[in-house]
Amino acid sequence: MTYQTLLVEQAGAVGLVTLNRPEALNAINTQLIDELNQVLDGFERDAAIGCVLITGSAKAFAAGADVKEMAPLCFPGTYLDDFLGRWDRVAQRRKPIIAAVAGHALGGGFELALMCDFIIAADTARFGLPEVKLGVIPGAGGVQRLTRLVGRAKAMEMLLSGRSMDATEAERCGVVARVVPAAELLEEAMDSASRIAGQSRTAVMMLKECVNRVDDGSLGEGLRFERRMFQAVFATPDQKEGMGAFIEKRKPVFGR
Ligand code: CO8
């Protein structure tokens, strides 16, 4: 299957998606988000895939939603078509998704990275939600997710001014998991993705569900959910294999 806005590969148990609209710094248009959803649907169904990695180019992860596509839109059309409604499906995926970001991750591009489970950044990465400078606001969850990550003061300052932050600041305030030299970004991110893909699929997906609960409910509810997931994991062969391998001093071999 070939796509017009994406390059898609499988490397072992990792599904690698490279955003590929170099002429527009990977600006995200409807076609790109539709193709991305299609690819992620396939990865979710494919038992051979244990982790997904989304990346862009050295210059841009994605410089925003496509301003040229959005410029003529009017409210009735965006409302009736539920514009952006399909974007959030990236955040609904059950398998882990890592964003490997170099260069610009702005507007909708930053929002896409924030929908992933974590971001590994090149030292060249820049993150921002500059929508205010275009007379609009973010709409694909960026305000909610950024504010939860960095707190109200920094989120307000960034959103109201439209300024971006470099990779060092992004790591300091919890936006990215790790910063690596630009030349090593893909290798480091693939390494991380392969490691995750090699763990128990059940345990990994349960962990993702538990972490997502942090944002969705109260502490009490989250604690109960986490405990129930922990109890449920004892129904899986991977629990027997993982703990058995530890006791027998060998490497575990997890099933799918
Ligand atoms: N949309 C469409 N085209 C873009 C975008 C974009 N977001 N960003 C860059 N491009 C195009 C440029 O128009 C240019 O095309 P052309 O060669 O035909 O003129 C090409 O990419 C290269 O860009 P530049 O020449 O500007 O490259 P520079 O290196 O000089 O500058 C910048 C790089 C600083 C990243 C600059 O391109 C820029 O400021 N881009 C716009 C950033 C921005 O404002 N992003 C937010 C967009 S709004 C948004 O994301 C709303 C999100 C709402 C929710 C999600 C919805 C879908």
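Each ligand, and each atom within it, is numbered from 1 in the order the structure gives.
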Among D66, T5, N26, which residue meets the side chain to side chain donor-acceptor pair (under 3.5 Å) test with R21? D66
For ligand 1, would you mind listing the residues that have at least one heavy atom less than 4.0 Å away, ordered by chain and number? E23, A24, L25, A27, K59, A63, G64, A65, D66, V67, K68, M70, L84, W87, H104, L106, G107, G108, E111, P130, E131, L134, G139, A140
Connecting only ILVMFWY residues whose side-chain heavy atoms lie within less than 4.5 Å of each other, what is the rest of M190's hydrophobic cluster? V14, L16, L53, I98, F118, I120, V180, L185, L186, I196, V204
Would one find more than 12 heavy atoms of other residues, nucleotides or ligands at under 6.0 Å from atom CZ of R228? no
Whether the side chain of T147 engages the backbone of V143 through a donor-acceptor N/O pair (distance < 3.5 Å, no angle test) should be reported. yes
Output every pair passing ring pair (Phe, Tyr, Trp, His ring centres under 6.0 Å) with a member in residues 199-230, not counting sequence neighbours, ordered by first then second residue. F230-F234
Not counting sequence neighbours, list each pair that qualifies as a ring pair (Phe, Tyr, Trp, His ring centres under 6.0 Å) and has a residue in residues 122-151. F110-F127
